[in-house]
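Data first, discussion second: the structure below is written as structure tokens.
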Amino acid sequence: MRLVMRGGTVVDGQGMRRADVAVEGDTVSAVGDLTVGPDDHVIDCRGRYLLPGFVDTHSHADGLMEDESVQRSLLKQGVTTVITGQDGISYAPGNGGYASEYFAAINGDHPRYSGGGVAEYLAAVDGRSRLNLAYLVPAGTVRWEVCGRSTTPADDAQRAAMVALVDEGMREGAIGLSTGLDYVPGLFAGADEIAALCEPIARNRGIYVTHMRGGYEDKSAAGIEEIARITAASGARIHISHFHAQAHIVHDQLDALRRAGVDATFDAYPYTRGCTILGMPLLPPELSALPADTVVEVITDPAERQRLRRDWFPAVERNASLGPEWPSMITLAHVAAPEFAWTHGLTLEDAAAHAGTDAIDLALDLLAASRLQVNAVMAVRHERPVAELARIFSHPGHMGGSDGIFIGAHPHPRARGTFARYLREYVRETQEWSWSDAVVHLSTAPAARFGLGRRGRVAAGWIADLIVVDPRTVADTATYDEPLGEAVGINDVLVAGVPVLANGALADSTPGRGLRREHAEG
């Protein structure tokens with residue numbers, strides 16, 4: 001049966017035009033002024049725009065692709081493909097244990113994957129989700145599988161074993177490699193080690209995606225310099241995760257990479273505040289590298305707690321993003337311990353006052369009671385206005401990414417609002433982007449950059465991952481105070497030619513798949 005999307009305005013990177021779109025199987029078969037037959041299934045798109053589905057270039061839906069609430073949240077934003085395996089930590093290779101422990105408050109447990117590598121991880125998505133997923137081999141997980149909890153440089157044999165795991169992941173369908181160089185164990189990997197892991201990425205035409213070292217913001221230059229060394233040694237293309245800094249820093253550092261001959265792109269989301277596991281900024285890396293039970297023993301020991309207060313927390317005050325006011329800048333998003341559920345949505349400062357203690361003791365109490373399963377929204381010292389973010393998004397290397405974390409009773413609103421916010425704030429309201437610009441940044445360029453095959457265009461012969469947008473009403477409703485609101489204005493979505501969101505309701509079909517690199521290249 002042919003499906004015809006009738007009467008809408010097709011938007012692509014070249015412009016806008018009134019056209020019907022016919023879909024047969026998983027592919028767009030025709031675009032133009034079409035005649036509708038009696039057996040055609042018609043979706044009335046009058047007054048709405050037809051766009052290629054969005055690609056979330058930085059997603060933490062790794063273990064949540066079967067969760068219908070997560071699927072709905074993404075589809076309502078127009079997202080049809082997510083890129084997972086971010087920040088150097090995810091399930092494959094190995095049995096998924098490290099991601100389920102260290103990143104428990106970001107990824108959680110996977111409902112299906114328990115080992116078998118990238119091939120099995122991607123297979124677990126096929127036919128079980130309404131969205132597609134592509135995967136980056138996570139370098140931290142690779143290091144964990146080979147070096148365990150070591151904080152020292154890998155030796156030659158360990159490095160060779162890690163390179164072999166990355167190469168295997170690429171052969172099994174991964175699209176590249178990710179690092180998280182402010183997390184453990186990636187924090188302990190030097191540039192030479194990372195460059196070695198990037199060699200099979202470059203050889204297989206993949207991409208190196210990095211949460212770069214140093215905390216971003218005013219310290220971005222150090223991370224960029226390391227990127228330049230890694231790419232010079234490996235030849236890998238680079239994509240920088242969630243590049244948050246002042247606009248002039250982002251532009252200047254990307255220009256420095258260009259002058260150095262580095263092929264670089266980046267993602268950045270339309271919010272100023274971030275979100276991460278609480279242990280990352282508040283615990284020493286060498287402590288975070290230990291088993292969770294050991295960490296809990298340390299932070300509940302009065303003498304050790306006093307040592308941390310004396311020797312470590314002054315460094316927290318010097319954090320480039322937080323500073324001395326850090327207790328008022330950290331809002332609790334997910335606390336696994338049920339006895340502390342009352343803290344959700346409160347800053348550490350306010351929660352500590354409520355509990356009659358100080359922020360250091362409360363933070364350590366939360367981490368201990370939750371076995372480290374705590375994430376938090378992190379404010380910054382200088383909020384950036386829309387115009388400042390627009391300057392960042394104007395860079396031709398920018399791509400849409402949410403860094404969305406769905407775990408938590410009071411999560412960051414970016415998980416449910418990012419892509420609708422781009423359209424509301426930067427297209428309709430401020431007109432910093434045209435509709436065609438939005439398609440390039442959110443769909444066409446990411447699909448090409450990450451090697452997702454014939455996605456990112458509304459054209460005959462291309463995969464029918466398509467969204468229908470009401471340009472007058474599309475908007476995000478999730479806020480920092482009310483972060484669970486879903487986007488509005490996108491009510492019809494196709495994935496591989498199959499309706500997965502119809503009139504605002506989830507359809508029964510699950511045509512999503514794990515996108516293998518071989519499939520994408522083919």
Evaluate side chain to side chain contact (heavy atoms under 4.5 Å, CB included) for T84 paired with Y121, printing each intermediate quantity in order.
CA-CA 11 Å; T84 64; Y121 175 79; 3.5 Å; yes

Give the minimum heavy-atom separation between [X] and [Y], together with the two atoms involved.
X	Y	answer
L131	V125	O-CG1, 4.3 Å
Y91	T141	O-CG2, 4.3 Å
A369	E339	CB-OE2, 3.7 Å
A189	I194	O-CD1, 3.9 Å
G512	N132	CA-OD1, 3.6 Å
T300	V296	OG1-O, 2.7 Å

Is there a side-chain contact between [X] and [Y] (heavy atoms, below 4.5 Å)?
X	Y	answer
L165	L197	no
P270	Y426	yes
D361	R309	yes
I224	I240	yes
Q86	S241	yes
I407	I106	no
P185	Y98	yes
R130	E68	yes

Going by atom types alone, do [X] and [Y] pair a side-chain donor with an acceptor below 3.5 Å?
X	Y	value
T347	S328	no
T179	Y208	yes
D267	H239	yes
R414	Y271	no

So, is the end of the R273 side chain (NZ or CZ) under 6.0 Å from the ring centre of Y480 and within 45° of the ring's axis?
yes

Please report whether the ring centroid of Y216 lies less than 6.0 Å from that of H211.
yes

Aromatic contact between Y422 and F393, with the criterion being ring centroids under 6.0 Å apart: yes or no?
yes

Under a 3.5 Å distance rule, please check whether [X] uses its side chain to pair with a backbone N or O of [Y] as donor and acceptor.
X	Y	answer
E172	A119	yes
R517	M170	yes
S150	T152	yes
Q77	A415	yes
R112	H110	no

So, are R391 and E432 salt-bridged, with charged N and O less than 4.0 Å apart?
no

For E388, enumerate each residue passing the side-chain hydrogen bond (donor to acceptor under 3.5 Å, both in side chains) test, keeping only those at least two apart in sequence or located in another chain.
none

Distance-only criterion, 3.5 Å: show the donor-acceptor pairs between side-chain atoms of residues 486-493 and protein atoms not counting sequence neighbours.
from : atom 1 : to   : atom 2 : distance (Å)
E486 : OE1    : R72  : NE     : 2.9
E486 : OE2    : R72  : NH2    : 2.9
N491 : OD1    : K76  : NZ     : 2.7
D492 : OD1    : N503 : N      : 3.2
D492 : OD2    : R48  : NH1    : 2.9
D492 : OD2    : R48  : NH2    : 3.4

Over 12 foreign heavy atoms within 6.0 Å of CD, E482:
no

So for atom CG, which belongs to D311, do other residues, nucleotides or ligands contribute more than 12 heavy atoms lying within a distance under 6.0 Å?
yes

Derivation of the salt bridge (charged side-chain N to carboxylate O under 4.0 Å, His left out) call for D365 and R305:
CA-CA 10 Å; D365 288 345; R305 185 173 286 204; 3.0 Å; yes

Parallel, tilted or perpendicular: which fits the ring planes of [X] and [Y], with parallel below 30° and perpendicular above 60°?
X	Y	answer
H60	H58	perpendicular
H398	W433	tilted
W342	H354	tilted

Could you give me the CA-CA distance, side-chain angles and deciding distance for L282 and I360, then say whether side chain to side chain contact (heavy atoms under 4.5 Å, CB included) is met?
CA-CA 9 Å; L282 295 191; I360 293 176; over 6 Å; no

Considering the options V55, T81, L494, V500, which one meets the side-chain contact (heavy atoms from CB on, under 4.5 Å) requirement together with D465?
T81

Candidate pair F243 and S220, rule side chain to side chain contact (heavy atoms under 4.5 Å, CB included), full reasoning:
CA-CA 9 Å; F243 199 164; S220 295; 3.5 Å; yes

Approximate separation, where rounding is to 0.5 Å, of N107 CG and I89 CD1
8.5 Å

Would you please test D56 and T418 for side chain to side chain contact (heavy atoms under 4.5 Å, CB included) and show each step?
CA-CA 9 Å; D56 188 342; T418 290; over 6 Å; no

